[in-house]
Every structure is written in structure tokens, then in C-alpha cells.
Amino acid sequence: MTALAKSLLSKPARSSILASVAPTALASSPAAADDSELAKQLSNPLASLISVPFQFNYDTGYGSEDGNQTTLNIQAVIPFSLTDNLNLITRTIIPYKWQNGVFNASGSNQGFGDSTVSLWFSPNKSSFTWGVGPIFYLPTSSNRELGAGEWRGGITGVVLVQEGPWTIGGLGNHIGSFESSDINSTYLQPFLAHTTKDAWTYTVNSEATYDWTTDECTAPVNFMISKVVRFGEQRVPLQAGGRYYLASPESGPDGWGGSAVRDTCVSVMITGGRCTVF
């Protein structure tokens, strides 16, 4: 794998635009029908929410030719109740990419990238919310310009506390390749969110990635504002924000960049074996 290819697989580009559309199913108590409660649950990666978001990312600043890439991430987050005291939350991400000039004079290219599967085992009875389990990267990329094309895996974990309107916690993982020594990286995402009674959520987080092979770190800080609104019977969280890079490799991103919009279209509350669509 070339140095540029490895860099592109482990670091974001200089700027990006993100949008997603997510049908969401809510499996919780009747009180979760409240818009503010739903907004707060959306800040919890381990909440009992079934969702299938379609997330669009547009990135620029690749290589010496300032190439660009558009990515559609098809995601599925599904929780399972294993026992009275143990849940399994699964998250699968399948990316499809369109890119131009990413590898300097490589021209245009499109296809699937490598897929990601995260599995978190989370207890129901605990003084705080946490989950831990394996993470796998599957070599589903159409070619080596769209993904590493290697079997990779590691461990991932989430820990958080929700008290009143506040959510504070972190998500992280460490991955390596099963086929080579080219990939060895750690990802950390601390987050802090405040949700108001009228379903506004203000979030700050970081998405720091450290590449142990090249000793390079990328650390943007993200600032986001979201609101749960209603369109007819549907509750729709909308989100927008930006980020600032505190650290990045010489050829990586810097300064301000990025915005985000998230559209969650359908919520379903499951109680007593019955489903209610909002």
C-alpha cells in the first residue's frame, strides 16, 4: 500500500459536508415519545434505537491535486436483548464512494469501500452506561483506491453518563490488520452534549486518530447543534455544525472546515410487543 493510500484510509480530508437520512425505531418506555427525551437518546450510542441512516459526506483537499470524494455511508444500528441484564448493540457501515483526483492524476473512480461492523455488549443494570466488544473491517472495497482491501479488527468500547440534560462520555477503538503491519491505529471520540426541554441539543466532541505506524495524529474538534422537529406525524432530528483541527499531519487537514445535516425520518416506539409510528 502506498503512503498516500494509507494516509487517505486513516485520515479525513481538509474539509467536508455531511448529510444523512435515517429511519429510526425507538425501543424504550412511553416517556421516550417526548421530543426532548428522543433528542437526549440520540446522544447515546448505546440507546435502544433501531436506525438505518444514509449518511452523505463530501470531502476535498486530497493529494497534491486537491481531489474530492463523496461518500454514501449506509448504516444499520440494531440492538438485541440477550438476557435480562445484557444487550448487544450492532452497528454496520457500508460505504459507497465517488472520487476525483484523490490519487493525484488517477482521475475519477467509484465503488464500495471497506465495511465496518462494531459489536457492543452492554449491561442493563449499571450506575453508568457502557459497552465493549469487537470491531471488524471487512475487505469489501471495489479496488485498492477505495479501501485497504484487508481483513482488520480490534476492540471497541463506549462509556457515558446521562444526568439531567447532560450527556458526557467517550467512544474508542483500536484496530490492526490481520494481513500486514501497515495498519495500527487508535481512535478516541470524547463527547459532551446538552439537551434542552424544547429538544435542542448542543454537542462538542473530538475525533482523534493516532497512527502508530507513522506516528501521526489527526485531532479535529466538532461543534454541532441539532433539533428534533415534527413533519406531520414524523419526528425529524436536524443537525448542523463545523470543526477545527487542533492537530494534523503535514499533508492532512487544518483550520476550520465541515458542516453536518442529519435527517431522521421515522421513529417507532416498541412497547409490550406493539409498535407505534411517530
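The shown structure was predicted, so the numbers you read here are calculated from the model rather than taken from an experiment.
- Under the 4.5 Å side-chain contact rule for hydrophobic residues, I93 and F80 do not share a cluster.
- Distance OH/Y96 to OG/S142: 6.5 Å, rounded to 0.5 Å.
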Test side chain to side chain donor-acceptor pair (under 3.5 Å) on S108 and N100 and set out the steps. CA-CA 4 Å; S108 299; N100 181 52; 3.0 Å; yes
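- Using cut-offs of 30° and 60° on the angle between ring planes, the pair Y202 and W200 is parallel.
- Here K97 contributes atom NZ and F112 contributes atom CZ; the two are 12.0 Å apart, rounded to the nearest 0.5 Å.
- Atom CG of residue L146 and atom OG1 of residue T71 lie 9.0 Å apart, to the nearest 0.5 angstrom.
- Between N205 and Q189, the closest heavy-atom pair is ND2-NE2, 4.1 Å.
- Of all heavy-atom pairs between C217 and Y210, the closest is CB-CD1, 3.7 Å.
- Here the shortest heavy-atom pairing between G149 and P139 reads C-CB, 3.6 Å.
- No side-chain donor from either of T209 and S185 sits under 3.5 Å from a side-chain acceptor of the other.
- Put simply, NZ on K40 and CG on D35 are 15.0 Å apart, with the number rounded to the nearest 0.5 Å.
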Walk me through whether E150 and R144 qualify under salt bridge (Lys or Arg N to Asp or Glu O under 4.0 Å). CA-CA 9 Å; E150 297 181 12; R144 294 301 291 268; 3.8 Å; yes
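- At most 12 non-hydrogen atoms from other residues, nucleotides or ligands lie less than 6.0 angstrom from CG of D84.
- With respect to D114 and R152, a salt bridge is recorded, a charged nitrogen being found less than 4.0 Å from a carboxylate O.
- A pairwise comparison of heavy atoms in G172 and T156 identifies O-OG1, 3.0 Å as the closest pair.
- Residues T213 and D211 come closest through the heavy atom pair N-OD1, 2.8 Å.
- Between the CG atom of N124 and the OG atom of S48 there is a distance of 7.5 Å, given to the nearest 0.5 Å.
- Side-chain atoms of Q75 and T92, non-hydrogen and from C-beta on, never get closer than 4.5 Å to each other.
- Rounding to the nearest 0.5 Å places CE of M224 at 10.0 Å from CZ of F191.
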